[in-house]
Amino acid sequence: MLLPQEVTSVPFPAGAARTECRGRYFWIWLDKAALGQNSWRYGVFNNLGQLIPVTEQVASQCGFTSDTDLHGNPEIRVSFLACSVKNLFDQEFSLELQVEISSPTSLAVAYDVSMSCPLGAPWSPREIVCEENYMEVSVRRAVPGIESEALNEDWMAVWPVARGAINQVWQVVFHFQNGSLQNMMATEAHALGYGVNTTATRVLFRTPYGTQQTETSKVQGLEVEVARATVFYKQAWMILMVDTAVACPINPPVLTASTLSWVTPRIMPSLVKFPDQYRDEAIEMGLDGRVVDEATVARNGYTFLTDANFISISVPIGASGGLTQSDVIGNSYGTRYSIKLLLDRRWKGDESDRTRHRSLKTIRTTFAPHTPVLINNTVPERGYFDVVLGNFLPDVELVTVVIGGKPLTPKELESRGGKLAEVPNPNGTRAFLLMVPFDDPLVPQEYLRDNIRRYTLPLVYTLNLIPKNKPFIYPAIIECEVPDVVLPTVEGFCEEGRIGLAMTHGNLDRYWVPYIGNLRLTAEFAASQNYTVQDDGSRFYLSVPLLAAGLAYEDISLQGLTTRLDFNLRDNKTLAAVVTFPVSCIFPTGKLLVCFPNGTMAATVLHLDTKPALDPRRTHLRDENCGPVSADESKALFSFPITTCGTTQRFEDNYLVYENEVTFKRQLIPEAKPVITRDSQYSLTLRCRYPLNETLRVWAQRLPGGVVTPVPYAPGARDPLAAYRRGRSMDGYVSFQMASHVLAGAAEPVRFWFPVLGMAVFGVAVLVGTIA
C-alpha cells in the first residue's frame with residue numbers, strides 16, 4: 001500500500017533525528033521533544049522505489065524493530081539483512097526510510113532518512129540474532145539465489161528481489177521434537193510470516209516468536225524458543241541443504257528489591273551438534289547493542305558470570321548504564337528502572353561450526369514505591385523551621401508549597417523571609433530545602449504551659465514529573481515547642497460600684513479571645529452591659545458595673561456582697577480556656593435587691609427606711625414564717641427562692657414577674673386590745689422580672705375515672721396526643737420532663753404536677769388546654 005500522494009517529503013530538521021551504524025544494525029532515534037504529542041509511523045523504500053509501510057507483521061518478518069530508548073525517544077533498529085536494504089556483496093549496506101508524522105489538526109508530513117553502513121567485523125560462518133520481536137540466522141553459502149519466477153507485485157512490495165538463476169527452487173523443512181517434518185516452498189513460508197532469503201554470500205532465515213512451527217524447550221530449567229529449519233535448494237543433478245536452526249532464550253529476568261538478573265543457558269542443544277567439542281571463544285556483555293569492556297562492568301557494579309551450565313548478568317537496580325525514572329501511581333511516588341542488555345557470544349563446535357550468537361534484552365522493572373523522606377532540621381533557638389524533603393530524581397520538579405492553605409512560590413516565600421531551594425545530592429538525586437520563620441502569619445501558634453508554645457507548620461508540597469506531567473502531593477505537619485511565651489500580667493481593682501482589671505499584653509494575645517465567665521466579651525455585649533473597655537495594643541482595661549451580666553456572686557451577707565469577675569483568655573479556635581484571671585470585690589450591701597439566675601431573690605432592709613427607725617430584726621415577708629436570714633439593729637438580709645414565702649407571679653409582656661413584700665411586725669399595746677404603737681407602718685415591695693425563654697403547651701384528654709398523661713403539643717400537628725415526650729433544658733439552670741400522670745374525674749378540674757430536676761421552675765409559661 002502506497003502512502004497518500006498529498007504527503008510531502010522533507011528532510012528532518014536539525015536535531016529532530018539521529019542515526020548510527022552499530023553492531024550489524026541501522027539505528028534511528030527520533031527526538032521526543034520535537035515529536036511532541038504527534039503520532040508517527042514509518043515505511044521503507046524497496047529497490048523499485050516503492051514505499052512499504054512497516055507494520056508489526058512486516059517488522060518481525062523483515063528485520064525491523066521499533067521501541068523507545070531509555071529516555072523515551074522513539075527508536076528504530078533495522079538489521080543489515082532486512083528486507084529492502086541494499087546489499088553490496090554483504091560488505092556495504094544502504095537503507096532509505098520515510099517517517100510520517102501527523103497531528104489531528106494538520107496534514108501529515110513525511111521525513112526521509114537515508115543511511116549507509118559498512119559491515120565492520122567480518123561475518124562468522126553462522127550468525128544468530130535474538131531480537132525483541134524476531135529470531136534471525138544467516139549462514140555462509142556458495143549456492144545460487146532464490147528463483148526469480150516466483151516474484152510478483154505483492155512479493156516485490158514486501159520482499160527484496162533475490163539474485164538467482166531461473167528454474168531453481170528453494171524449499172524449507174521444519175523439524176519438530178516429535179520427529180515429524182513439515183515441508184513447504186519458500187513462497188509458502190513467506191506467506192506464513194517467515195523470512196527466507198539469500199544474499200551474495202549467505203542464506204537467511206527469520207521467524208517471529210510464537211509461530212506454529214516454533215517450539216519451546218527447557219534447557220537447564222530455562223525456557224528456550226527453537227525453530228529447527230532446513231533450507232534446501234534443488235536442481236536436477238543436486239540437492240544443497242543448509243541448516244538454519246535458530247534458538248533464543250526467552251526466560252524472564254529475575255527481579256529483587258535491589259537487583260535484576262538475566263540468566264541464559266551456556267549450551268543450547270539445538271544449535272550444538274557435538275557438545276563434547278564445544279568451546280567458548282568469547283562471551284561479552286553490552287549495553288544498547290554495544291559491547292562494554294570489563295572495566296565498565298566492574299565500575300557499574302555488574303556481575304557477569306559463566307559456569308558450565310549458565311551465563312548470568314546481574315545489575316544493581318539504579319546502576320549506571322540503565323535509567324531510573326520517576327513515576328506516580330495513586331499519588332504514590334516511585335521509580336522504574338530500565339536497561340538494555342546485550343549478550344554477545346562466539347563459540348566453536350566441530351570443524352565446521354563457528355557461531356556468533358547475540359541476544360538483545362530490554363528489561364524494565366515494575367513500579368517500586370519510594371516514600372519521600374522529610375527531615376526536620378529545625379533548631380528552636382534559630383527562630384525558623386528548617387526542613388528538607390527528598391530524595392527525588394531529576395525528573396521531579398517542585399511546583400508550589402502550600403503553607404496554612406496558601407500556595408507559595410519560591411519568590412513569594414522569599415519575600416516573607418523564608419527560603420525554598422533545591423539541594424543536589426552526590427548520587428544524582430535532589431531534595432528541596434524549606435525555611436519558614438516562626439512568626440510568619442501562616443504558622444499557627446498554640447500555648448501549651450508555663451512559657452512554652454508550639455509552632456505548627458502545615459505543609460502540602462505539590463510536585464510534578466517532567467515531561468510526563470504527573471502531579472502528586474506530599475502533606476506534612478512540622479511542630480516545634482519553644483520556651484518564648486510572655487504571658488499577660490493582670491492587676492484587678494475595685495471601685496465604687498464597679499469591678500475591673502488592667503492587663504499588660506503578652507506575645508500570644510492575638511491568638512486568644514477574652515471571655516467574662518462563659519460570655520464572649522464582644523463590643524456589642526460590653527455596650528449592652530455598660531462595660532468600659534479600652535485597648536491600645538499594649539494594655540487592656542476593663543471595668544464592669546456591679547450587678548451587670550457576667551459577674552458571679554459568691555456570698556451576700558450583712559457585711560457586703562462578694563462579687564467575682566472571671567476574666568479568661570481562650571484559644572480562638574478551640575475556645576479552651578488558656579489563662580484565667582479572677583478578680584473579687586466586696587461591695588457594701590446598702591439598699592440592695594438581687595434577682596439571681598437560679599431563681600433566688602435577695603434584698604436588704606435598712607432601719608433608716610422609716611421615721612422613727614424600725615427594727616430590721618422584726619421584718620418578714622408575706623409569709624410571716626419567712627424572716628431575714630441575717631439581721632442586726634441597722635439592717636436585715638432576706639434571701640429566698642422566688643417560688644416560696646408567698647411570692648406571687650404574673651405575666652407582663654414577655655416577662656414573668658415575681659413579687660413579694662417585706663413588712664414590719666409592729667408592737668401594739670395593750671396586747672389584748674392593741675390601740676397604741678410607736679412603730680411606723682412599713683412595706684417594701686420586692687420584684688424580679690425574668691424573660692420568658694420557653695413556652696410549653698400541654699394538652700390533656702379527660703377520661704372518666706382515668707389517668708391523663710400530658711404531652712408537649714407540636715403546633716400544626718393533627719393529633720397533639722401523638723407528639724413525642726421530650727426533655728428540655730432552660731439556659732442550663734432547670735431541667736424538666738413531661739412524665740407525670742394527671743388524675744381527674746369527668747367534672748373535676750385538671751391538675752398538673754411537673755417533676756422538676758434540680759431547681760425551681762421560673763421563666764416558664766404553661767398553657768393548658770383540653771381535648772374532648
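For clarity, every value in this text was computed on a predicted model and none was experimentally measured. Values below: all heavy atoms of this structure, side chains included; hydrogens, waters and symmetry mates excluded.
Shown here for Ala82 and Phe64, the closest heavy-atom pair between the two residues is CB-CE1, 4.2 Å. For the residue pair Glu92 and Pro118, the shortest heavy atom distance occurs at OE1-CA, 3.8 Å. The two residues Phe12 and Asp112 have their closest heavy-atom pair at CD1-O, 4.2 Å.
A salt bridge does not link Lys340 to Asp288: none of the charged nitrogens lies less than 4.0 Å from a carboxylate oxygen. Using a 4.0 Å cut-off between charged side-chain N and carboxylate O, Asp353 and Arg126 make a salt bridge. Salt-bridge check for Arg290 with Glu20: passed, with a basic side-chain N closer than 4.0 Å to an acidic carboxylate O. A salt bridge is absent between Glu281 and Lys348: the closest approach of a Lys/Arg side-chain nitrogen to an acidic carboxylate oxygen does not fall below 4.0 angstrom.
Take Asp307 and apply the side-chain contact (heavy atoms from CB on, under 4.5 Å) test, not counting sequence neighbours, and it matches Asn309, Phe310. Under the rule for a salt bridge (charged side-chain N to carboxylate O under 4.0 Å, His left out), Arg299 has no partner lying at least two apart in sequence or in another chain. With sequence neighbours excluded, the residues satisfying side-chain contact (heavy atoms from CB on, under 4.5 Å) with Lys273 are Asp243. Residues passing the side-chain hydrogen bond (donor to acceptor under 3.5 Å, both in side chains) test with Glu215, sequence neighbours excluded: none. Legend: residues meeting side-chain hydrogen bond (donor to acceptor under 3.5 Å, both in side chains) with Asn469, ordered by chain and number and at least two apart, are Asn464. For Ala229, the side-chain contact (heavy atoms from CB on, under 4.5 Å) partners at least two apart in sequence or on another chain are Val172, Phe174, Phe205, Thr244. Under the side-chain contact (heavy atoms from CB on, under 4.5 Å) criterion, Ala298 pairs with no residue, sequence neighbours left out.
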List the atom pairs, with distances to 0.1 Å, where a side-chain N or O of residues 263-272 and a protein N or O form a donor-acceptor pair under 3.5 Å, not counting sequence neighbours.
{"unit_1": "Arg266", "atom_1": "NE", "unit_2": "Asp280", "atom_2": "OD2", "d": "2.8"}
{"unit_1": "Arg266", "atom_1": "NH1", "unit_2": "Ala308", "atom_2": "O", "d": "3.4"}
{"unit_1": "Arg266", "atom_1": "NH2", "unit_2": "Asp280", "atom_2": "OD2", "d": "2.9"}

Donor-acceptor list for residues 28-35 side chains, cut-off 3.5 Å, not counting sequence neighbours:
{"unit_1": "Trp29", "atom_1": "NE1", "unit_2": "Glu75", "atom_2": "OE1", "d": "2.8"}
{"unit_1": "Asp31", "atom_1": "OD2", "unit_2": "Ala33", "atom_2": "N", "d": "3.2"}
{"unit_1": "Asp31", "atom_1": "OD2", "unit_2": "Ala34", "atom_2": "N", "d": "2.9"}
{"unit_1": "Lys32", "atom_1": "NZ", "unit_2": "His71", "atom_2": "O", "d": "2.5"}

Report all side-chain donor-acceptor pairs from residues 216-227 shorter than 3.5 Å, counting only partners two or more places apart or in another chain.
{"unit_1": "Glu225", "atom_1": "OE2", "unit_2": "Gly210", "atom_2": "N", "d": "2.5"}
{"unit_1": "Glu225", "atom_1": "OE2", "unit_2": "Thr214", "atom_2": "OG1", "d": "3.1"}

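Note on ring orientation: taking the six-membered ring where Trp is involved, the planes of Phe472 and Phe392 are tilted (angle from 30° to 60°).
Between Tyr25 and Phe80, the ring centre distance reaches or exceeds 6.0 Å.
Tyr209 places a side-chain N or O within donor-acceptor distance of the main-chain N or O of Glu131, the cut-off being under 3.5 Å. Looking at Arg206, its side chain never comes within 3.5 Å of a backbone N or O of Tyr194 through a donor-acceptor pair. Proximity of a side-chain donor or acceptor of Gln98 to a complementary backbone N or O of Leu51 within less than 3.5 Å is not detected.
The side-chain hydrogen bond (donor to acceptor under 3.5 Å, both in side chains) analysis of residues 249-261, with sequence neighbours excluded, yields the pairs Ser261-Ser314. Residue pairs meeting the disulfide bond (SG atoms under 2.5 Å apart) criterion with at least one member in residues 242-332, sequence neighbours excluded, are Cys130-Cys248.
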For this session: Given ring pair (Phe, Tyr, Trp, His ring centres under 6.0 Å), test Trp170 with Phe232 step by step and report yes or no.
Result: CA-CA 6 Å; Trp170 285 93; Phe232 69 90; 8.5 Å; no
